[in-house]
Amino acid sequence: MKKFISLALVAAMTASLAACGSSSSSTETSAAAADSAAESTESGDSSASADGEFVIGGSGPLTGGAAIYGMAVKNGGQIAVDEINAAGGINGHKVKWVFEDDEHDAEKALNAYNTLKDAGLQIMVGTVTSGPCLAVVQETADDNMFQITPSGTTQDITANPNVFRMCFSDPAQGAKSAQYIGEHELATKVGVIYDSSDPYSQGIYETFDSEAPNYGIEIVAAEAFTADSKTDFKTQIQKMKDAGAELVFLPFYYTEAALVLQQAKELNYSPVFFGCDGMDGILNLENFDTSLAEGLMLLTPFAADATDDLTVNFVNTYKEQYGDTPIQFAADAYDCLYAIKNAAEKANITPDMSVSDICDALETAMPEIIFNGLTGENIKFNSDGEPDKAPKAVVIKDGAYVLAD
């Protein structure tokens, strides 16, 4: 909490200095504000919201190769906040949504977190991608700030008790993918291409590899690439083809997956391709021929074509406000905000509480809530911060995501 205390003192001093060139009444007002801030600091409430609203924020890539994910989380969170505020807020208090660009970079994610704290952050939603999230979780643990990531999947993210997640972890995605492929009899001979330099991809692959035999799946070829060799996949694809893989599992991000699909076509190879949540966004990739993704499947808990009222309203609002169809990351963020709302109301949390007290209360309340969201019905959390909801898959048909079953 020492960082919050020093920030409050700096803010108070800045307000006082800024008043030196103004009228005496303004100077008195600024001095009073400084005294008030000092009193708040001394009482240990420097992290409390000064204007009676909750400050909830996050970070993610708004620029760079993974910007589709960050923008989706920012926009999905904003829609949830607008709805929550229109319905009276959380325990009668409005919510302020703040979001910073971390460019999918661990060091910049730490800078973004500090910027958010400067803005009065009380509850953290994020970060969006796993590497930056791992960098931030220790900081939120040290500050005892509640954190829920919509889409950080690396298993260690939820090692600290203050951190929860809305998505499935890497091991869970690997296991659920094997289960889905096996139970739906999509293939018995499966090939895998994975990024051994990325914890997200490596973690999914390892669990998929261990679970596949339990569902009658034979992995006939497994080929890795790294961050230094992620533009030419023809060697890996040819090995899948030579091994007779009926389905190729691609547990990595859509940017590289788009290249795999293009190069597979050039090699006249057309198995079923199956990915995880990192594949979501491929249809939004600039200059990508979406016909290459026809029949592509991915494990995801959200499909924009679902007909339930919650999804229809969310998709319509998203299209109206942002001119695009939302992907899973937007839905995850939306559900994160409603999870916070449900837990905060159960624990009767108010913005004048310290960051640490808010965190403690949310930690206790989160495993006690159950709610229906965009990414699942009867969503609940275990004491380890992991979500409990049914897996779903979508398939790309005619350039759109469609529920696979």
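Here the structure is a predicted model, which is why all the values come from computation and not from measurement.
Under the 3.5 Å distance criterion, the side-chain polar atoms of E246 are matched with a main-chain donor or acceptor of K189. Here the side chain of D170 pairs no donor or acceptor atom with the backbone of I204 at under 3.5 angstrom. The backbone N or O of D360 lies less than 3.5 Å from a partner atom in the side chain of T364, making a donor-acceptor pair. Formation of a donor-acceptor pair under 3.5 Å by the K94 side chain with backbone atoms of G52 is not found in this model. Put simply, the side chain of D209 never gets that close to the backbone of Y205: no donor and acceptor are under 3.5 Å apart. Between the side chain of T375 and the main chain of P301, no donor-acceptor pair closer than 3.5 Å is present. Side-chain N or O atoms of N91 include none that pairs as donor or acceptor with a backbone N or O of T350 at under 3.5 Å. Of the possible polar contacts, none joining the Y200 side chain to the G131 backbone as a donor-acceptor pair under 3.5 Å is found.
In this structure, D101 does not pair ionically with K108, as no charged nitrogen and carboxylate oxygen lie closer than 4.0 Å. Between E256 and K230, at least one side-chain N (NZ, or NE/NH1/NH2) sits under 4.0 Å from a carboxylate O, which counts as a salt bridge. The pair R165-E386 meets the salt-bridge criterion, with a side-chain N (NZ, NE, NH1 or NH2) lying under 4.0 Å from an Asp/Glu carboxylate O.
With rounding to the nearest 0.5 Å, the separation of OH in Y334 from OG1 in T317 is 8.0 Å. Atoms CG and CG, from D324 and N284 in turn, are 5.0 Å apart once rounded to the nearest 0.5 Å.
Around atom CD of E107, no more than 12 heavy atoms belonging to other residues, nucleotides or ligands sit under 6.0 Å away.
Between Y69 and Y253, the gap from one ring centroid to the other is short of 6.0 Å. A distance below 6.0 Å separates the ring centres of F146 and F164. Taking the six-membered ring wherever Trp is involved, the centroid distance between the rings of F249 and F208 falls below 6.0 Å. A ring-centre distance under 6.0 Å is not found for Y194 and F252.
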